[in-house]
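This report concerns only the one structure given below.
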Amino acid sequence: MAKRIYIFKRFERFWHWSQALLIIFMMITGFEVHGLYTLFGFESAVGFHTTAAWALITLWIFAIFWHFTTGEWKQYIPTLNKVDAMMKYYLTGIFTHAEHPFRQSTLTKHNPLQRLAYLGVKLLINPLIWFTGFLYLFYSSWNAWGIGWLSLEWVATLHVIGAFMMLVFFIAHVYLATAGHTATSHIKAMITGWEEVD
Amino acid sequence: MSIRNTLLLAFCMTGTMLATTIAVANVQPPVTATNAVTEVKTVQAPTKISSATDSKQNKKSVSTADHSKFDELQKDFKSGPEVTTACLECHTEAAKQVHKTKHWTWEYINPATKQKLGKKNVINNFCTSVTSNQTFCSACHVGYGWADDNFDFTKEENVDCVVCHDTTGKYKKLPGLSGHPNYESMEWPPHSGKFREATDLTNIAQSVGKTSRKTCGSCHFYGGGGNAVKHGDLDSSLVNPKHYLDVHMETEGLDFSCAKCHLSDSHEVSGSRYAPTAVDTDGVLMRGKADGRNPTTCQACHGDTPHKAEHPKLNEHTDKIACQTCHIPEYARGPLATKMSWDWSTAGTLDENGHRKQVKGSDGRTLYDSKKGDFTYDRYVIPEYVWFNGDIKYTLFGDKVDGEDLVKINEFLGTPGAPDSRIWPVKTFRGKQPYDVGNQTLAIFHTAGKDDSAFWGNYDWDKAIKWGMEAAGADYSGEFKFVETEMSWPITHMVAPKEDALTCKQCHKKEGRLEGVEGVYIPGRDANPWIYKIGLLIALLTLIGVAIHGGIRVYMHKRGE
Ligand code: HEM
């Protein structure tokens, strides 16, 4: 019988799923604004995207606050320890049900690859989207802020690059969510908070 | 408080915050400082029912003077100048004022380009040129007697007061009479068998009043030789328009006269086609602010950020596009079609009996006329869009035309993306007209007149051009050809109701309205193909990668069982 440990606190789970929904929604509306397809209609897509942007920003502010007050930010301190083992596991071991080189615990809930990936999201993709999206939102204030020389094309292009990075992360992330102890154990954990470990 | 409770609290707060943000995000636009100051309520017609009565009352602005009671006007006037002389007995400065205006001089020096413009100097691609054709063209001159170069522009009684101040609707200056109305009964239109009564000058003089859409329109609706022909946003349907056609002039609504926007001072009417105001960022024009601004711009009443808070994005467009671009989605939106092209090169072909030919379309519009050539028309026309900073450069008489390139009779200048330019809708009128091959200039030719050189009587290009060029003080080289020309007109009248303004998607897509307009990044139109293709490719590769990985996992798992 597998052991169960409590990994994801209630706020964390709320944060994760609402962020997931928002980001999916922002990708759908954002790529429509970008002109890749028509779904809601341009005008609605812009409206939804803007609304969701405010919601996401709020959520992120809370999440940042939470990470620091709870000390959970330490979960993302990068480590190269066992990274190679993890790589090897994903490339071979996982197919042969080899033993997972990483042991989850409440104190270290992410494996070293996850750590690096999430840190990348938090330090690179999120700020890129945030910052460019924020500028995009306040386009009409650029002159007043003394940044009238900025080019909307550049800001938008960087925002779109961020969006594609997010999309790639999203695909890999969803897939790796099935790479736990069992195919669904990670997902269950993010719902209930409890993760099955060996 | 335990950590658990703190988290719980944070959790609840986030939930509430999120909910509120979502609720307010749409109503809390990123309002800029200028936004707050200059936001103006558009002049709102109150609710429909009261507006009808209110504006009707406002409209009847009653004069304090009843001209029919004035001794000076109790006369049997025999001519226009006699009427003017009577007017000037009281309005002592009026003619002097008119003498200074473009309506009188038909001349305008563009301060930016120093080009000598005005109807007197410009060659267009409709009837082309006033020179040598004054007796006809001066039907739209605010004067009497301009038949040729000997016209005395200093004579006060030559000013035509009533063409602008008539209220009877019975005053009409006829082409061919050098700016006079008919003083005797006269067949009109020519050869129609119908007769116009002699103009009742006494009655007209005693009924004078403010200018009106009819008086302004008597010339400006008929530019280019007929109703709706020239501009596409000005025609007789504006005398009594519905809301749909023109939100400002709607008779049942705001009921603006032309002069409501085209405020005048000392008979100088504001607004100009030769030097339009393309960009106006100074906000609403307040009374007393005599700073020489053009009062006819949209912004002079609406400011630069007129859209309501529910649509914050719209105000962010005003740094790039003119109001007209969205709010006049098409021109010629009324019952009348506007002329789109005029090919003079086919003029002069007669029928087998050597008579003038006229071909009409099923709707009665002339498609071919031996006098003029071929025409095309259109309604609900989608404008062309250009960056415009207010400067217009003309190809004038004498400017080099080599016949190789299309001649831009006028060119709207502007720099894509520059703060001094906006994207404007224009009507571009295309055609073919003669140029003097030897002199390499657009030709001036004599169209109308009771002589043996007028093209409309004799259908002889060489004669008509020789006469015209001589009247312009030039020697005709003896050889002419036709050249393609194009001329643009800003679209600014017939403002549609806001429901009919362009929708976002009409520009925010590929091959939308602004396709090909450079200098502005338009989301939805300007996706960088490299980035989205590479982005999609990487996403696809990732997808394939995880699919393979997952496939192997499933396969190995199955095999292991
Ligand atoms: C996962 C998150 C996000 C994704 C995937 C995303 C994606 C996109 C994409 C693809 C576009 C189209 C850009 C273009 O074609 O020019 C866009 C537009 C935009 N995004 Fe985002 N975005 C995200 C988050 C945000 C955030 C957090 C903000 C604000 C802080 C934001 C603000 C905007 C704005 C203002 C626009 C322009 C809409 C317009 O046309 O007015 N986005 N987004």
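A, B, ... follow the sequence lines: proteins, then strands. Residue 1 opens every chain. For the numbers below, each heavy atom of this structure counts, side chains included, while hydrogens, waters and symmetry mates do not.
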Of the listed B:L543, B:N528, B:I534, the one with the largest count of heavy-atom pairs under 4.5 Å with chain A is B:L543
Where on A:A179 is there a heavy atom nearer than 4.5 Å to chain B: the side chain, the backbone, both, or neither?
both
Atom group of A:T178 that falls short of 4.5 Å from chain B, counting heavy atoms
both
Select one option (side chain, backbone, both, neither) describing which atoms of B:L536 are under 4.5 Å from chain A's heavy atoms.
both
With no hydrogens and no angle check, is any side-chain donor or acceptor of B:T325 less than 3.5 Å from a backbone partner on B:I423?
yes
ring-ring contact (aromatic ring centres under 6.0 Å, His included) for A:F14 and A:W17? Distances and angles first, verdict last.
CA-CA 5 Å; A:F14 164 76; A:W17 289 114; over 10 Å; no
Among the options A:F42, A:Y136, A:F31, pick out the one with the most heavy-atom pairs lying under 4.5 Å from chain B.
A:F42
Chain A contact via B:H311 - which portion, at a heavy-atom distance below 4.5 Å:
side chain
Residues in residues 156-168 of chain A near chain B [non-hydrogen atoms, under 4.5 Å]:
A:A156, A:T157, A:V160, A:I161, A:F164, A:L167, A:V168
Side-chain donor/acceptor of A:R13 to backbone N/O of A:I191, under 3.5 Å
yes
Using the salt bridge (Lys or Arg N to Asp or Glu O under 4.0 Å) rule, take A:E43 and B:K313 through it: C-alpha gap first, then chi angles, then the decisive distance, then the call.
CA-CA 10 Å; A:E43 187 168 6; B:K313 275 281 167 203; over 6 Å; no
Are B:R333 and B:Y244 in a cation-pi contact, defined as NZ or CZ under 6.0 Å from the six-membered ring centre and within 45° of the axis?
yes
May I ask you to check whether A:W60 and A:H67 place their ring centers less than 6.0 Å from one another?
no
Checking A:I61 against chain B: side chain, backbone, both or neither under 4.5 Å from a heavy atom?
neither
Under 4.5 Å to a heavy atom of chain A? For B:D526 that would be neither
Top contributor to chain A contacts, counting heavy-atom pairs under 4.5 Å, from B:G545, B:G550, B:G417
B:G550
Determine whether the aromatic ring centres of B:H549 and A:F95 lie less than 6.0 Å apart.
yes
In plain terms, say whether B:E518 and B:R525 are close enough for a salt bridge, that is, a side-chain N and a carboxylate O under 4.0 Å apart.
no
Verify the distance criterion only: is there a donor paired with an acceptor across the side chains of A:T70 and A:K9 at less than 3.5 Å?
no
Is there a ring-ring contact (aromatic ring centres under 6.0 Å, His included) between B:Y521 and A:W154 once you walk through the steps?
CA-CA 9 Å; B:Y521 175 81; A:W154 279 98; over 10 Å; no
Determine whether the aromatic ring centres of A:H186 and A:F8 lie less than 6.0 Å apart.
no
Chain A contacts, top residue of B:H508, B:R559, B:H317 (heavy-atom pairs, under 4.5 Å):
B:H508
